[in-house]
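Here's the structure, in structure tokens; my notes come after.
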Amino acid sequence: MHRGRASAIPLSIVVALSASLSAQWRAYPDRDLPRKADGSVNLEAPAPRTADGKIDFSGIWQNAWFVNGRVASLPVSPPGEPPAATFADVFANFKGELPLQPWAAQLKAARKEQNSKDNPDAHCLPMGLMQFHMHPQPRKVLQTRDVIVTLYEGNSGVRQIFIDGRPLPDEDAVPWWYGYSTGHWDGDTLVVETTRFRDGGWLDIYGSPLTDQAKMIERWTRPNFGSIQIDITIDDPKAYTKPFSVRVHHRIALDGSKLDAELIEFICDENNKAPQLMVGK
């Protein structure tokens with residue numbers, strides 16, 4: 001079964017897709033979950049912790065804007081806090097003038113005018129961290145003492161965040177699609193820094209650019225059992241006039257009163273029709 005090539009097709013079609021298709025594993029008992037008196041999962045229960053007392057981000061997560069195959073309303077950020085990003089446009093909830101350099105604004109407009117046909121995701125290439133953050137298909141977070149790994153169902157993406165104290169690589173490191181990520185703890189917040197991106201990246205479907213000069217700083221919090229909030233700051237002086245921040249909301253994946261099934265296999269280039277369908281003007 002397949003949830004569909006969600007990010008490589010127009011959003012109107014994404015909305016029609018159902019994320020209710022379960023994986024092929026047989027039903028297996030859930031681990032102990034916090035529950036209310038009626039037996040439902042208590043999403044407001046305290047976030048779990050690892051053996052060494054750190055917040056545990058492990059689990060299968062859905063983007064809060066697309067839950068169980070339906071578009072949901074995102075929380076509105078309080079004044080002065082980062083606005084919620086959207087899958088189509090990270091700047092959708094910004095007020096006033098956007099901080100794009102003139103060439104970056106022109107490039108984004110050109111990418112959008114061409115129906116985003118050159119988005120790497122449409123060609124089964126890595127879509128970039130920001131698009132992964134906002135992708136409608138789920139992701140699985142695996143956390144150990146030294147590394148946090150995120151397995152993305154979309155395009156079978158894999159990201160590593162090293163939390164073992166190592167420094168970021170220097171400028172001699174080969175640029176990567178996802179960059180290089182290290183994290184450290186600030187109380188109950190995981191602060192992640194990522195650098196050494198490849199040039200020519202896409203932050204969203206419309207094509208807000210990301211260059212090889214970018215640094216991404218994420219602040220991961222898990223305010224309760226059922227949610228993760230990630231505040232993301234993009235500092236890319238090559239493409240933007242100043243750093244800017246957005247917020248991403250994730251919800252634990254549930255199927256009724258149980259955790260959702262495992263991720264399904266996603267082989268992006270198998271029968272991929274997106275390049276033929278996404279033609280420019």
Side-chain angles (χ1 to χ4, degrees), residues 43-44 46-50 52-65 74-87 89-95 99 128-135 139-152 157 159-169 178-197 201 203-204 208 210 213-237 239-240 242-252:
L43 300 178
E44 299 299 323
R49 294 181 181 269
T50 60
D52 59 357
K54 304 299 185 185
I55 293 292
D56 190 351
F57 293 99
S58 300
I60 298 179
W61 299 91
Q62 295 177 299
N63 202 289
W65 74 268
L74 286 173
V76 177
S77 299
E81 296 189 13
T86 72
F87 190 38
D89 187 354
V90 296
F91 295 111
N93 290 312
F94 271 59
K95 307 295 184 183
L129 295 182
M130 196 67 225
Q131 287 195 79
F132 268 136
H133 270 316
M134 294 304 301
H135 204 280
R139 70 276 299 141
K140 183 174 186 177
V141 178
L142 306 172
Q143 182 170 334
T144 72
R145 183 192 64 181
D146 295 330
V147 64
I148 294 175
V149 178
T150 304
L151 307 177
Y152 297 95
R159 182 194 187 187
Q160 296 185 89
I161 301 171
F162 290 97
I163 53 175
D164 56 2
R166 72 181 65 188
L168 287 166
Y178 306 146
Y180 299 76
S181 298
T182 63
H184 67 273
W185 293 95
D186 179 9
D188 285 342
T189 298
L190 178 66
V191 181
V192 181
E193 298 184 22
T194 306
T195 59
R196 304 299 296 145
F197 293 99
L203 289 178
D204 49 34
S208 299
L210 189 75
Q213 299 300 304
K215 181 176 185 178
M216 180 184 291
I217 300 174
E218 300 158 79
R219 295 182 64 86
W220 291 49
T221 58
R222 187 173 182 177
N224 49 46
F225 177 79
S227 63
I228 289 177
Q229 176 179 292
I230 308 175
D231 286 352
I232 305 165
T233 298
I234 304 293
D235 186 358
D236 186 354
Y240 300 96
K242 60 182 179 181
F244 65 91
S245 298
V246 292
R247 178 168 289 172
V248 172
H249 298 272
H250 290 159
R251 292 180 55 181
I252 198 79

Subject >> Min side-chain heavy-atom separation R49-D56 under 4.5 Å >> reply: no
**OP:** Compare all side-chain heavy atoms of T194 with those of K215 and state whether any distance is below 4.5 angstrom.
**Re:** no
Original post:
Shortest non-hydrogen contact from N63 to W65?
Top reply: OD1-CD1, 2.5 Å
**OP:** Over all heavy atoms of both residues, which pair between A84 and P75 is shortest? Give the atoms and the distance, please.
**Re:** CB-O, 4.4 Å
Original post:
Considering only heavy atoms from C-beta outward, does the side chain of L190 approach that of E218 to under 4.5 Å?
Top reply: no
**OP:** Evaluate the side-chain proximity of L151 to V149: yes if any heavy-atom separation is below 4.5 Å, no if none is.
**Re:** yes
Original post:
Do I217 and V191 pass the side chain to side chain contact (heavy atoms under 4.5 Å, CB included) test, and can you show the C-alpha distance, the side-chain angles, and the key distance before you say yes or no?
Top reply: CA-CA 7 Å; I217 300 174; V191 181; 4.2 Å; yes
Original post:
Do R219 and D186 come within less than 4.5 Å of each other through their side chains, counting heavy atoms only?
Top reply: yes
**OP:** Could you tell me how the ring of F244 sits relative to the ring of F94: parallel (under 30°), tilted (30 to 60°) or perpendicular (over 60°)?
**Re:** perpendicular
Original post:
Taking the inter-plane angle between the rings of H133 and H250 on a 0 to 90° scale, is it parallel (under 30°), tilted (30 to 60°) or perpendicular (over 60°)?
Top reply: tilted
Original post:
Nearest heavy-atom pair of A47 and R222: which atoms, and what distance?
Top reply: CB-O, 3.3 Å
**OP:** Find out whether T86 and D204 are in side-chain contact, i.e. whether some heavy atom of one side chain is under 4.5 Å from a heavy atom of the other.
**Re:** no
Original post:
If you measure from OG1 on T182 to CG on L168, what distance do you get to the nearest 0.5 Å?
Top reply: 3.5 Å
Original post:
What are the two closest heavy atoms between R251 and A64, and how far apart are they?
Top reply: CG-CB, 3.9 Å
Original post:
Is there a donor-acceptor contact under 3.5 Å linking the side chains of N224 and S227?
Top reply: yes
Original post:
Taking the side chain from R145 and the backbone from T50, do they hold a donor-acceptor pair closer than 3.5 Å?
Top reply: no
Original post:
Between CH2 of W61 and CD1 of I230, what distance do you get to the nearest 0.5 Å?
Top reply: 9.5 Å
**OP:** Say whether, by atom type as modelled, one donor and one acceptor occur between the side chain of Q143 and the main chain of F57 under 3.5 angstrom.
**Re:** yes
Original post:
Salt bridge or not for D52 and K54, using N-O below 4.0 Å?
Top reply: no
**OP:** Drop me the distance from D235's CG to M216's CE, to the nearest 0.5 angstrom.
**Re:** 11.5 Å
Original post:
Any side-chain heavy-atom pair from Y152 and R159 closer than 4.5 angstrom?
Top reply: yes
Subject >> Gap separating the NE2 atom of H135 from the CG atom of L129, nearest 0.5 angstrom >> reply: 13.5 Å
Subject >> Nearest-0.5 Å distance, CG of residue L210 to CG of residue L203 >> reply: 5.0 Å
**OP:** Grab the two heavy atoms, one from P223 and one from Q229, that are nearest each other, plus how far apart they are.
**Re:** CD-N, 4.4 Å
Subject >> Considering all heavy atoms, the nearest S245-P83 contact >> reply: O-CD, 3.5 Å
**OP:** Carefully, step by step, assess I148 and V141 under the rule side chain to side chain contact (heavy atoms under 4.5 Å, CB included).
**Re:** CA-CA 7 Å; I148 294 175; V141 178; 3.7 Å; yes
Subject >> I161 side, atom CD1; D146 side, atom CG - distance, nearest 0.5 Å >> reply: 13.5 Å
